[in-house]
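A short worksheet on the structure shown next.
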Amino acid sequence: MREIRLYNTLTNRLEPLDPLHPGEVRIYTCGPTVYASAHIGNFRTFVFQDILRRFLRSQGYRVLQVMNVTDVDDRIIHSAAAAGIGIREYTDKYIRAFLEDIDALGIEMPEELVRATDHIEDMVTLIEKLQQKGFTYTTDGSIYFRISKFPEYGKLSKIDLSGIQPGARVDVDQYDKENARDFALWKAPKPGEHFWETRIGPGRPGWHVECSAMSMKYLGDTLDIHTGGVDLAFPHHENEIAQSEAATGKPFVRMWLHAEHLIIEGQKMSKSLGNFYTLRDLFAKGHKPSTIRFLLLSVPYRRQLNFTEDGLMQARSSVERLRNFVTRLKAEQFAAGSNREVERLVETAENEFEAGLANDINTAVALASVFDFVRDANTAMDRGTFLEQDAPRAVAAMEKFDAVLAVLADRDDETLAKLGFSRPNQRMPAAEIEALIGERIAAKKSRNFQRADEIRQKLADSGIVVEDTKDGTVRWKYK
RNA sequence: GGCGCGGUACCCAAGUGGGAAGGGAGAGGUCUGCAAAACCUUCAUUCGUGGGUUCGAUUCCCACCCGCGCCUCCA
């Protein structure tokens, strides 16, 4: 098995992946907080995680991935109350939308998608364990984690607690905490708020404890990989480490992977700047799922990604190029035989593709190997040195690449239609298209080029592109 | 201030102590009735700036400039 190296935020180094359970990689992924639609920045992180899991599987690993859904927090409680419905009902619709969104982007479902509110009992058990070991204290019914009892606090984010300057910014809750950095494991209910009646009293869980409880429940005390956006490293992941390791006495996570943020047209994405896009906003503007996925995956995950209109155009063209190649492979007739040179091209591409991804999921290198292959194979086809037996081999390679990339197989129209974004101007019935193309071929044969061009224009107006090929056949596709 | 990421052609972007990947756009050409697709050619003689190490640095070291993130329950 090829060695896979990943950049571990805990050690700030590239390290070889060495799963605790041979052949199986256990991953925990911080999922969405379902109080609103996820935005394009969220999906940068989720697409990265999808590339990671797809690559691991393509390398023969079993993957056991758990993603949480945070369906209880202040915003949810308040919004649900304002809407006069329960938090479960309130979050259901956002969970549904999230599932539709990740499906639209070709993101595979994790093996376990778990809701925080289904695991209150597990969190209570974890908090009890921390209480027994003396890592907590209670103030007014809220239970806090005492950071001073956990000397390794700060090892992920490399913050030095001794150097903290008190003052500048003070949390509003500070008065009931011993230390400003202590965080809530359990929050006492406020009047009128949703709460659970439990062995540790009435209340609701703090944000951090949910991830510790659920990850260890499904993946064991020590996980192979924990992923999330860079912003989560502190305090969320730092707190997860503290809770989990204090409770079990074992290392919580062997490798921490953090995806850099996405910015929009060079600016930080924020609601006040009005550059806050959901997937559906982009679909409504006419962008295809494959375009968005390609753009999100084309920049390696540890690099900030500038999400721009121009970038979307470029991504769209790139995907077109790859898809055109596969279409050509399947449609064109080649002379009998097979060419060892082409086989060599395939092997080189497959090797470089894997090597790129194995080096900290370097998608830019992986894509370069695919494009190299596409160009060289196209050249061989143009020169007539690409033979009949080479085609299925090349198709197989492209399918292998797409098992990770997931942008070649064209589900765009289908996906958009499912979400209500069908484009009626592209819905000319196939029979009518075929009839027009037949008429155009006849017109061309009788050298009535004016009529032929009229038909081509008519099809173009309906979003259909016609391509004449060398051997006289005609291909068409939706634009 | 602390911790971290980055500055490579018009845009996106890889990379290494010794010939600067790949994609998009542009220009010219081949093919085509014309297109489209594809192919060919072209597109970085300061790889942020200034020093240093070296036979040789975009790559290592130092300083500086610029952009960004986290240090507040934001992926």
Side-chain angles (χ1 to χ4, degrees), chain A residues 9 12 29-33 38-49 70 73-75 154 156-160 163-165 168-172 180-181 183-184 187 206-208 227-236 238-239 258-263 266-271 294-295 298-300 302-306 308 310-311 313-322 324-325 327-328 332 352 356 359 362-372 374-383 444 447-450 452-453 456-457 460 465-470 475-477:
Chain A
T9 314
N12 285 139
T29 292
C30 281
T33 299
H39 54 69
I40 192 64
N42 294 316
F43 291 114
R44 198 273 165 101
T45 304
F46 295 135
V47 165
F48 155 63
Q49 287 153 170
T70 300
D73 81 338
D74 288 334
R75 291 165 300 195
L156 178 66
S157 50
K158 282 88 185 168
I159 64 163
D160 179 3
I164 290 178
Q165 296 170 349
R169 285 168 174 171
V170 179
D171 190 275
V172 289
R181 298 278 175 175
F183 55 92
K187 297 183 174 185
W207 175 37
H208 315 295
T227 67
V230 278
D231 56 302
L232 294 186
F234 189 90
H236 184 53
E238 197 70 68
N239 291 351
H258 289 103
E260 252 300 343
H261 277 179
L262 163 158
I263 57 177
Q267 288 186 299
K268 182 178 175 169
M269 186 175 59
S270 75
K271 284 187 172 149
F294 186 92
L295 177 54
S298 64
V299 179
R302 282 202 299 130
R303 187 187 181 97
Q304 205 172 59
L305 188 160
N306 189 8
T308 64
D310 193 40
M313 302 296 287
Q314 296 181 10
R316 182 194 170 103
S317 298
S318 300
V319 172
E320 275 300 303
R321 177 168 168 78
L322 298 177
N324 286 340
F325 174 65
T327 301
R328 184 179 186 188
E332 204 159 307
E352 289 179 358
N359 184 18
N362 191 330
T363 46
V365 166
L367 283 175
S369 72
V370 176
F371 281 107
D372 276 336
V374 168
R375 186 196 56 242
D376 291 343
N378 269 324
T379 302
M381 287 191 255
D382 283 358
R383 290 182 182 159
K444 277 181 63 181
R447 305 196 64 78
N448 184 353
F449 295 122
Q450 193 186 336
D453 289 348
R456 185 166 61 197
Q457 187 55 49
V465 181
V466 179
E467 295 177 8
D468 299 333
T469 62
K470 223 171 237 173
R475 289 198 291 259
W476 64 270
K477 64 186 179 189

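Keep in mind the model is a prediction, meaning the values are calculated, not measured. Here is the naming used below: chain letters follow the sequence lines, and residue numbers restart at 1 for every chain.
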Length of the [atom1]-[atom2] vector between [X] and [N], whole Å:
| X | N | atom1 | atom2 | answer |
| --- | --- | --- | --- | --- |
| A:Asn306 | B:C12 | CG | P | 7 Å |
| A:Gln314 | B:G23 | CD | P | 12 Å |
| A:Asn359 | B:A21 | CG | C1' | 14 Å |
| A:Phe48 | B:A75 | CZ | C1' | 12 Å |
| A:Leu305 | B:G7 | CG | P | 14 Å |
| A:Arg302 | B:C70 | CZ | C1' | 16 Å |
| A:Asp310 | B:A13 | CG | P | 11 Å |
| A:Met269 | B:C70 | CE | P | 11 Å |

Compare side-chain N and O positions of A:Ser298 against OP1 and OP2 of B:A13 and report whether any pair is under 4.0 Å apart. no
With a 4.0 Å limit, can you tell me whether A:Arg303 has a side-chain N or O closer than that to the phosphate oxygens OP1/OP2 of B:A14? yes
Distance in Å, [X] [atom1] paired with [Y] [atom2], rounded so as to fall on 0.5 Å steps:
| X | Y | atom1 | atom2 | value |
| --- | --- | --- | --- | --- |
| A:Arg383 | A:Asn378 | CZ | CG | 11.5 Å |
| A:Thr9 | A:Leu232 | OG1 | CG | 11.0 Å |
| A:Ser157 | A:His236 | OG | NE2 | 13.0 Å |
| A:Trp476 | A:Glu467 | CH2 | CD | 12.0 Å |

Separation of the [atom1] atoms in [N] and [M], to the nearest angstrom:
| N | M | atom1 | answer |
| --- | --- | --- | --- |
| B:C62 | B:A25 | C1' | 39 Å |
| B:C70 | B:C43 | C1' | 39 Å |
| B:G7 | B:U46 | C1' | 15 Å |
| B:C61 | B:U53 | P | 15 Å |
| B:U59 | B:G6 | C1' | 16 Å |
| B:G15 | B:G23 | C1' | 16 Å |
| B:C60 | B:A14 | P | 15 Å |
| B:A13 | B:A9 | C1' | 11 Å |

Note: for A:Pro300 and A:Gly41 on RNA chain B, the residue whose nearest nucleotide lies more 5' is A:Pro300
Return the 5'-most residue of the pair A:Asp372, A:Thr33 with respect to RNA chain B, ranking by each residue's nearest nucleotide. A:Asp372
Can you figure out which of B:C71, B:C12, B:C11 approaches the side chain of A:Val299 most closely? B:C12
Could you work out which one of B:C12, B:G22, B:A75 sits closest to the side chain of A:Ala368? B:G22
Mind checking who [N] pairs with, Watson-Crick or G-U wobble, both distances under 3.5 Å?
| N | answer |
| --- | --- |
| B:U30 | B:A38 |
| B:A20 | none |
| B:G1 | B:C71 |
| B:A63 | B:U49 |

[X] near the nucleic acid: base, sugar-phosphate alone, or nothing, with a heavy-atom cut-off under 4.0 Å?
| X | value |
| --- | --- |
| A:His39 | base |
| A:Leu262 | base |
| A:Gly228 | sugar-phosphate |
| A:Pro32 | nothing |
| A:Ala364 | base |

Under-3.5 Å N/O pairs linking protein and nucleotides 65-69 of chain B:
from  : atom 1 : to       : atom 2 : distance (Å)
B:C68 : O2'    : A:Gln304 : NE2    : 2.4

Judged by atom type as modelled, is there a donor-acceptor pair below 3.5 Å linking the side chain of A:Arg44 to the main-chain atoms of A:Gln304?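 Pair absent, no side-chain N/O of A:Arg44 close to backbone of A:Gln304.
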Got a sec, which residues hit side-chain hydrogen bond (donor to acceptor under 3.5 Å, both in side chains) with A:Asn306, two or more places apart in sequence or on another chain? none
Residues in ring pair (Phe, Tyr, Trp, His ring centres under 6.0 Å) with A:His39, at least two apart?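 For A:His39, the residues satisfying ring pair (Phe, Tyr, Trp, His ring centres under 6.0 Å) (neighbours in sequence not counted) are A:Phe276.
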Nucleotide-resolved protein contact map, nucleotides 26-39 of chain B, B/S/- at heavy-atom distance under 4.0 Å: -----S-BBBBSBS
Salt bridge flag under 4.0 Å for residues A:Lys477 and A:Glu320: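 Yes, this pair counts.
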Side-chain touch A:Phe183/A:Pro235, heavy atoms, less than 4.5 angstrom: no
Taking C-beta and beyond as the side chain, do A:Arg475 and A:Thr469 meet within less than 4.5 Å on heavy atoms? yes
Looking at residues at least two apart in the chain, or sitting in another chain, which of them share a salt bridge (charged side-chain N to carboxylate O under 4.0 Å, His left out) with A:Arg302? A:Asp360
Residues which pass salt bridge (charged side-chain N to carboxylate O under 4.0 Å, His left out) with A:Asp73, listed by chain and number, not counting sequence neighbours: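 Once residues adjacent in sequence are excluded, the partners of A:Asp73 under the salt bridge (charged side-chain N to carboxylate O under 4.0 Å, His left out) criterion are A:Arg75.
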